[in-house]
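The structure appears below as structure tokens.
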Amino acid sequence: MQALLKFFSSLRLTVVLLALSLVLIFFGTLDQVEFGIWETQKRYFESFLVVWSYPLQAPAGTSLQWLKIPLPGGYLLGGFLLVNLLAAHATRFKLTWKKSGLFCIHLGLILLLISELLTDIVSEESQMAIDEGGKNNYSETVLENELVFIDRSQNDFDTVHTISTNLLKKGKRIAIPDSSLSVRALRYYPNSKIARAPEDSRGAPLNRTIANKGIVERMDLQVVEQAMDYSQEAINTTTAYIEVFDANDTSIGIWLVSNVIDDRFPKQTIETDSESLEVALRFKRYYHPFTVELIDFTHEKYPGTDIPFNFSSEVFVNDLDQNIKQKALIYMNHPLRYGGLTFYQASFANEDKTSILQVVRNPGWLLPYISVLLMGLGMSFQFGMHFIKFSRKAKH
């Protein structure tokens, strides 16, 4: 036990972990060109292990494509750094007045590591688009998709059941909640192209989809798989063929669902003798227990240019449960905080008639501020104490 504690509290381990962190950042920066910020962050810094491959488009890429380097991921390095810091305190440090500054610095580092882990695990980022004069009670993210089944049988509310696309990728049979039906993905495309199926010389469709229910009953379509696009502004067309089964394990049919088959197209429904469910694959939504109403959107530009000088949203937050109606002005570096969420002014669309708000839920948002404050106080105390000691020696 003593040997294990000595290993984890070693300063050499600290140096090795910090060096590996620099290596991880270096290779992550290289791959950011190909995979973009979000995918690189997930692969390199929100993982325990990552394998870097020599890029095909790099010099001599065809010859060196075999080169692969395994690296410890951000979770693994961060976890070891946290254990290393705690073990060092347990074995080498004693709490004294002279070392209280060091304790503040180390406590700040520990909080910073914990806050980063909390942010990765529990934080959520999405966007809310609102037209002037309109309101919205949900935000969505284009980075994730979900398969939804909507029961509209009630007059005053809809019941929405969601299934993560991670389950669709694996082709698992999934029971639809509050229903006798189940579903399984026959094929899943992270990115694809959907178009009308070409016709032969007699006008008959070629390469049709394998679907036989829903939108394909109105138009002949084909799905062509595409490579994932990781660029910053890219939105991948996620598509799946899903087969639905009844309580007797009998196939009802196969539907083609995609995040581009949206409100512009007729609704796709699953009909049985006892129930009717609307089915869709869409961007992941986060519903909120209040509505945000856009009163006015302002977009100011620098004179003689199209460069934005300022854009802001005047909104009403209407919370019926809490009987609260709050007015706020959201603009750059001036967000609205409400209900555990932070609303930032992100962008605009539809000829300045639609405001796009970035919605962030981060329960640990205060921890980085506390950690930086602790480290600042610790460094100030240590510096001040050594400065006083040095001044006293200089006088003598």
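This is a predicted model, so every value here is computed, not measured.
Counting only N and O atoms by type, the side chains of Tyr287 and Asn137 include no donor and acceptor under 3.5 Å apart. Asn145 and Asn259 are linked by a side-chain donor-acceptor pair at a separation below 3.5 angstrom, with hydrogens and angles left out of the test. Residues Asn248 and Thr250 have side chains that never bring a donor and an acceptor to within less than 3.5 angstrom of each other. Between Ser126 and Thr141, the side chains place no donor N or O within less than 3.5 Å of an acceptor N or O (distance only, hydrogens not considered). Between the side chains of Glu278 and Thr269, not a single donor N or O lies within less than 3.5 Å of an accepting N or O.
Judged as a ring pair (Phe, Tyr, Trp, His ring centres under 6.0 Å), and not counting sequence neighbours, the contacts of Tyr302 are Phe309. Remark: Phe26 pairs with no residue by the ring pair (Phe, Tyr, Trp, His ring centres under 6.0 Å) rule, at least two apart or across chains.
Under a 3.5 Å cut-off, the side chain of Thr165 and the backbone N or O of Leu168 do not form any donor-acceptor pair.
Of the options Leu77, Asn84, Leu76, a side-chain contact (heavy atoms from CB on, under 4.5 Å) to Phe80 is made by Leu76 and by none of the others. Under the side-chain contact (heavy atoms from CB on, under 4.5 Å) test applied with Ile210, the options Leu256, Val216, Leu186, Val223 reduce to a single match, Leu186.
Aromatic pair Phe27/Tyr44: centroids not less than 6.0 angstrom apart.
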Stepwise side-chain hydrogen bond (donor to acceptor under 3.5 Å, both in side chains) check, Gln345 with Ser313: CA-CA 7 Å; Gln345 183 65 63; Ser313 299; 2.5 Å; yes
Audit row: Lys353, Asp131, salt bridge (Lys or Arg N to Asp or Glu O under 4.0 Å) steps and yes/no: CA-CA 6 Å; Lys353 295 178 182 178; Asp131 296 330; over 6 Å; no
Audit row: Gln127, Glu140, side-chain hydrogen bond (donor to acceptor under 3.5 Å, both in side chains) steps and yes/no: CA-CA 5 Å; Gln127 289 190 334; Glu140 61 184 8; over 6 Å; no
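Using a 4.5 Å cut-off between side-chain heavy atoms of Ile, Leu, Val, Met, Phe, Trp and Tyr, with links allowed through other members, Leu81 and Tyr75 fall into the same hydrophobic cluster.
Between the CZ atom in Arg361 and the CD atom in Glu125 there is a gap of 12.5 Å [rounded to 0.5 Å]. To the nearest 0.5 Å, atoms CD (Glu146) and OG1 (Thr162) are separated by 5.0 Å.
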Side-chain donor-acceptor contacts of residues 101-110 below 3.5 Å, not counting sequence neighbours, with atom names and distances?
{"residue": "His106", "atom": "ND1", "partner": "His89", "partner atom": "NE2", "Å": "2.8"}

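Using a 4.0 Å cut-off between charged side-chain N and carboxylate O, Lys213 and Glu217 make no salt bridge.
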